[in-house]
Structure formats: structure tokens, C-alpha cells
Amino acid sequence: MDYPQYKPESADYLPLSDDELQDLDELLADLPVDEAMNIEALDGYLSALLLSPVPLASLPGADWLPTIWGGGDPFASGKQRKRLVLLVLRHLHSLAVQIGERPQEWEPIYSVAEDGDQQLVDAEDWCVGFMMAVDLQAEAWAPLFENIKTAAALAPIALLGGDEGQLNPEERAKLADLHWRDALSREVPEGVLTLWARRAA
């Protein structure tokens, strides 16, 4: 199956409106596979692809697009698949513009957890999506996890989105605390911008 390749210079990628972002969320939710990403995971996944040491424009669409819907062809029609892919590419381009040119306007898409009257942000799904993109190119990412500065930037993402089986008991206990997750989630954007600045340099 042929998939489009991301072309960052394309003028066809208009930013998604709020309604279109909702459409993308619903398209993902309606896919009949458990492995399909939700909108939070997709946002993290695309962000990591943009931050990767391997330029996304050099990768065929078939290398990264099917991961979004769990592989295979779970679509009811070619029209549905084309609609989803177009929305994904437009959201990807919006992220690239925001993070690269207007970082002060960029906000990751997080879940919100309720704790009484408080609303706490939870970046777990976003970070899971991010780490899925890392896993696609683990060898290229490895030096970033070894460098002191970039490892520190990646640490909150890896804690929230990595394999819980690799966490020690203290870390697992902390992750059960919604307030600790909220604090950790709020560290993620700064880490992303640190990674972006390093990549741009």
C-alpha cells in the first residue's frame, strides 16, 4: 500500500481547526483495533518523529504512518484512510511550525485527571506515543539517552511513557500519585524544547 511521504516544505498542510482536531480524535477512536493511538498518543508520537535524529522527511510514510492505527488496514474505506492520513500530516506540520517557529504557542495534548475539585494534567498517553516513535529508531535515539543534558530532558517522558516493568518500586509508587504525575507532566514541554534547540543547533 502506498502512503505519502512527509514534505515539510509543502504549502498544502493547513493547521487543523478545533473541529478538525476533534474529527481526527473521533476517527482514531472509531477504528476497530485496540492498538490505534488516541489523540494524545498521536500528538506525542508526531512530536518525537520531528525531534528524532533521523529527519522525518527522509522516511517513507509506510515506515511510520501504520503505527498510528496499529498496522494492517482497519479502515472501512480508502476514503476514510485518506482522510485520517491527511489530518495527521496537517497536524504534524502544525507541530513543526509551532515548536520550531513559535515555541511559546506550542502546547502538547494531555489527558486531564480529576482529583476532587482539582484538574490535574496527565501526560502518560502523550509520553507513550513519544516512546513508540523512539522505539522505531532506537539506535538513533540511544546517544540522546546517554548525553547528560538530553537524558535529563527525556527523563520525565521515559518515566511516564516507558515500560513500567523496568521501573523500581519507588518509581511505580510515585506514578500512582496523581499530583506527582501532574508535576512530572509539566516538566515534559521544557524537555521537548531543550531537545528541539539541540536538534536545530
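Just the heavy atoms: all of them, side chains too, but no hydrogens, waters or symmetry mates, feed the values below.
- Glu101 places no side-chain N or O within 3.5 Å of a backbone atom of Gln98 that could act as its donor or acceptor partner.
- Atom CD of Glu190 and atom CG of Leu195 lie 11.0 Å apart (nearest 0.5 Å).
- Counting heavy atoms of neighbouring residues, nucleotides and ligands inside a 6.0 Å radius, atom CD of Glu171 exceeds 12 of them.
- With sequence neighbours excluded, the residues that form a side-chain contact (heavy atoms from CB on, under 4.5 Å) with Pro60 are Asp63.
- Under the 4.5 Å side-chain heavy-atom criterion for Ile, Leu, Val, Met, Phe, Trp and Tyr, Leu178 and Val128 are members of distinct hydrophobic clusters.
- Taken together through direct or relayed side-chain contacts under 4.5 Å among Ile, Leu, Val, Met, Phe, Trp and Tyr, Val112 and Leu160 form parts of separate hydrophobic clusters.
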Stepwise side chain to side chain contact (heavy atoms under 4.5 Å, CB included) test for Arg83 and Asp23:
CA-CA 10 Å; Arg83 170 72 173 159; Asp23 287 346; 3.4 Å; yes
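- Across all their heavy atoms, Gly61 and Pro66 have their closest contact at O-CD, 3.6 Å.
- Contact annotation: the side chain of Val85 approaches that of Pro4 to within less than 4.5 Å [non-hydrogen atoms, C-beta and beyond].
- Looking at heavy atoms from C-beta onward, Pro108 lies out of side-chain contact with Ser47 at the 4.5 angstrom threshold.
- A 4.5 Å side-chain heavy-atom check between Leu92 and Tyr6 finds at least one atom pair inside the cut-off.
- Take Trp64 and apply the ring-ring contact (aromatic ring centres under 6.0 Å, His included) test, not counting sequence neighbours, and it matches no residue.
- Side chains of His93 and Val97 form a contact here, defined as non-hydrogen atoms less than 4.5 Å apart.
- Remark: Gln80 CD to Ser77 OG distance equals 5.5 Å, nearest 0.5 Å.
- Contact check for Gln22 versus Glu26: side-chain heavy atoms found under the 4.5 Å cut-off.
- The two atoms that bring Ala48 and Ala133 nearest to each other are CB-CB, 3.5 Å, heavy atoms only.
- With rounding to the nearest 0.5 angstrom, the CG atom of Leu136 is 7.0 Å from the CG atom of Leu49.
- Under the 4.5 Å side-chain criterion, counting only non-hydrogen atoms from C-beta, Leu50 is not in contact with Arg199.
- The list of ring-ring contact (aromatic ring centres under 6.0 Å, His included) pairs with a residue in residues 168-201, not counting sequence neighbours, is empty.
- Of all heavy-atom pairs between Val88 and Ile68, the closest is CG1-CD1, 3.7 Å.
- The side-chain heavy atoms of Phe130 and Val188, taken from C-beta on, include no pair separated by under 4.5 Å.
- Between Cys127 and Ile157 the shortest heavy-atom distance is CB-O, 3.5 Å.
- With sequence neighbours left out, the ring-ring contact (aromatic ring centres under 6.0 Å, His included) criterion links Tyr45 to no other residue.
- Crowding of Asp73 atom CG: a count of heavy atoms from other residues, nucleotides or ligands under 6.0 Å exceeding 12.
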Verdict with supporting geometry, Leu31 and Leu84, side chain to side chain contact (heavy atoms under 4.5 Å, CB included):
CA-CA 11 Å; Leu31 292 176; Leu84 188 144; 4.2 Å; yes
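- One hydrophobic cluster holds both Leu46 and Leu16 under the rule that ILVMFWY side chains link at heavy-atom gaps under 4.5 Å.
- Rounding to the nearest 0.5 Å gives a distance of 8.5 Å between CG of Leu86 and CD of Glu20.
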For Leu184 and Glu187, run side chain to side chain contact (heavy atoms under 4.5 Å, CB included): C-alpha distance rounded to whole Å, both residues' side-chain angles, the deciding distance at 0.1 Å, then the answer.
CA-CA 5 Å; Leu184 195 62; Glu187 293 179 17; 3.9 Å; yes
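- In this structure, Gly191 and Ala153 approach most closely via the heavy-atom pair O-CB, 3.5 Å.
- For residues 122-143, the side chain to side chain donor-acceptor pair (under 3.5 Å) pairs, not counting sequence neighbours, are Asn38-Asp125, Asp43-Trp126, Ser52-Gln137, Asp122-Arg181, Glu124-Arg181.
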Should Met37 and Thr67 be marked as a side chain to side chain contact (heavy atoms under 4.5 Å, CB included) after you check the CA-CA gap, both sets of side-chain angles, and the distance that decides it?
CA-CA 8 Å; Met37 296 180 185; Thr67 303; 4.0 Å; yes
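- A distance of 6.0 Å separates CG in Leu89 from CG in Leu65, rounded to the nearest 0.5 Å.
- For Tyr3, the ring-ring contact (aromatic ring centres under 6.0 Å, His included) partners are Trp69, not counting sequence neighbours.
- Closest non-hydrogen pair, Pro32 versus Pro74, comes out as CD-O, 3.3 Å.
- Criterion: ILVMFWY side-chain heavy atoms under 4.5 Å apart, direct or through other members. Under it, Leu120 and Ile109 are not part of a common hydrophobic cluster.
- Taking CG from Leu193 and CD from Gln104, the interatomic distance works out to 9.5 Å, rounded to the nearest 0.5 Å.
- Residues Leu24 and Leu42 have side chains in contact (heavy-atom distance under 4.5 Å, counting atoms from C-beta outward).
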